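Computed from a predicted model, the values in this text were never measured in an experiment.
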Amino acid sequence: MSSPVTAGWGYVAGGYGAIGTLVGGYVVSVVRRRRSLTRRLHSEVAGLGTSGSPTSGGPAGVAEARPGIPPVTAGRDREAATAATEEGS
Amino acid sequence: MTVVSPAPTGRSRNPTLARVSFVLGGLSALGVAVLLVLGLIVSPPATVQGETVRLVYVHPAVAMIMFVAFGVCALASLAYLWPRTRSPRWDHLAGASAEVGVVFAAATLVSGSIWGRYSWGIWWTWDALLTLTLMLFVVFVGYLALRRTGGDPVARAKRCALTALLAFPLVPIDHYSTSWWNTLHQGDTILRIGKAPLIEGWQLVTMLLSFVVFTVLFAWILLHRFEVESMEARIEDEGYVWAIAERRAEGR
């Protein structure tokens, strides 16, 4: 049977260990997510070109490239853009 | 008809943010190292609590950061709902802070449970403070789940901001529960109105340092998490553009 002194250190180790594992693990996960997202954004941008012109390989001009694909805008304007294409076609 | 879309831009990390992150990260690492030395070696054991008094150098500070994180979430949500200050950045900050708060709430509950097992002989009891902390944890886990729902990003951000504001009153109720009700959990250790702190000397210094160290650590984590939130929103926003461009490339 462990003495009270040893048992006390066991609880201290448990408390510090739990906080270290939870907070430390979270820190590692956040930093890794940030690095992964940064890489993803850079690689996708590099793959597409950045000027946005139809000749640059950027997403502008997508509508003409393939029939049936709506013109593109980001975010909440997306549905409006799709509707505009359908009306125009 | 051609609608010119905003092209994704390959911005590298903001140099100012990188510098602030470096300083905060360095201070956090140094602070944690000093805190461990003071907390585990320099400060003496207590008369009644023995060695377990060393938990006072981490558990209250972690709990305080939980409150601060949920407070930042509520303030950012308020700024988002206020028409004059509305910006997606406030929504990102609220989401980032809530997630950090949930992690610190889990750390508070687990470390408190371990300490309670030694002090009270039980891992858990439905004491006011413990129950309210558990409620905070569960409510903000729900908030994080709400942030993951689909639909219009603006409507979702408004829903989440409102939820955060409705959940926030739990924070002061939780914090003051030891003063308002008879609880098994002890009250304040340092800020006792009209009374001296319960600890002194190295114990007091180490406990005060723990609040500073965890605050700096929180700021550093929040900065990184905010960047993640912003990048995720950007990917969600521009993902449609990229998906179309990929299909276009496949069709060549």
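Annotation for B:W124: atom CH2 counts as buried by contact number, over 12 foreign heavy atoms lying within 6.0 Å. Summarising the local packing, CH2 of B:W90 is surrounded by 12 or fewer heavy atoms from other residues, nucleotides or ligands at distances under 6.0 Å. The local environment of CZ in B:R86 is crowded, with over 12 non-hydrogen atoms from other residues, nucleotides or ligands closer than 6.0 Å.
Residue B:V58 touches chain A through both its backbone and its side chain, counting heavy-atom pairs closer than 4.5 Å. Residue B:V100 touches chain A through both its backbone and its side chain, counting heavy-atom pairs closer than 4.5 Å. Of the two parts of B:L40, the backbone and the side chain both hold a non-hydrogen atom closer than 4.5 Å to a non-hydrogen atom of chain A. With a threshold of 4.5 angstrom between heavy atoms, B:Q49 does not approach chain A through any atom at all. Heavy atoms of A:V27 lying under 4.5 Å from chain B belong exclusively to its side chain. Using a 4.5 Å cut-off between heavy atoms, A:Y26 touches chain B through its side chain atoms alone.
The side-chain heavy atoms of A:R33 and B:E232, taken from C-beta on, include a pair separated by under 4.5 Å. In this structure the side chain of A:V23 reaches within 4.5 angstrom of the side chain of B:I221, judged on heavy atoms. With a 4.5 Å cut-off on side-chain heavy atoms, A:W9 and B:R54 count as touching.
Minimum interatomic distance between A:I19 and B:H59 (heavy atoms only, all atoms of both residues): CD1-N, 4.4 Å. Considering all non-hydrogen atoms of both residues, A:G15 and B:S111 come closest at O-CB, 4.3 Å. When all heavy atoms of B:R225 and A:V30 are compared, the closest pair comes out as N-CG1, 3.7 Å. The heavy-atom pair separating B:I114 from A:A18 by the smallest distance is CD1-CB, 4.2 Å.
Rounded to the nearest 0.5 Å, atoms CZ (B:R234) and CG (A:L41) are 4.5 Å apart. For the atom pair CD of B:E227 and OG1 of A:T38, the computed distance is 7.0 Å after rounding to the nearest 0.5 Å. Remark: A:R35 CZ to B:H224 NE2 distance equals 8.0 Å, nearest 0.5 Å.
Looking only at heavy-atom pairs under 4.5 Å with chain A, the residue among B:V53, B:V103, B:V32 that has the most is B:V103.
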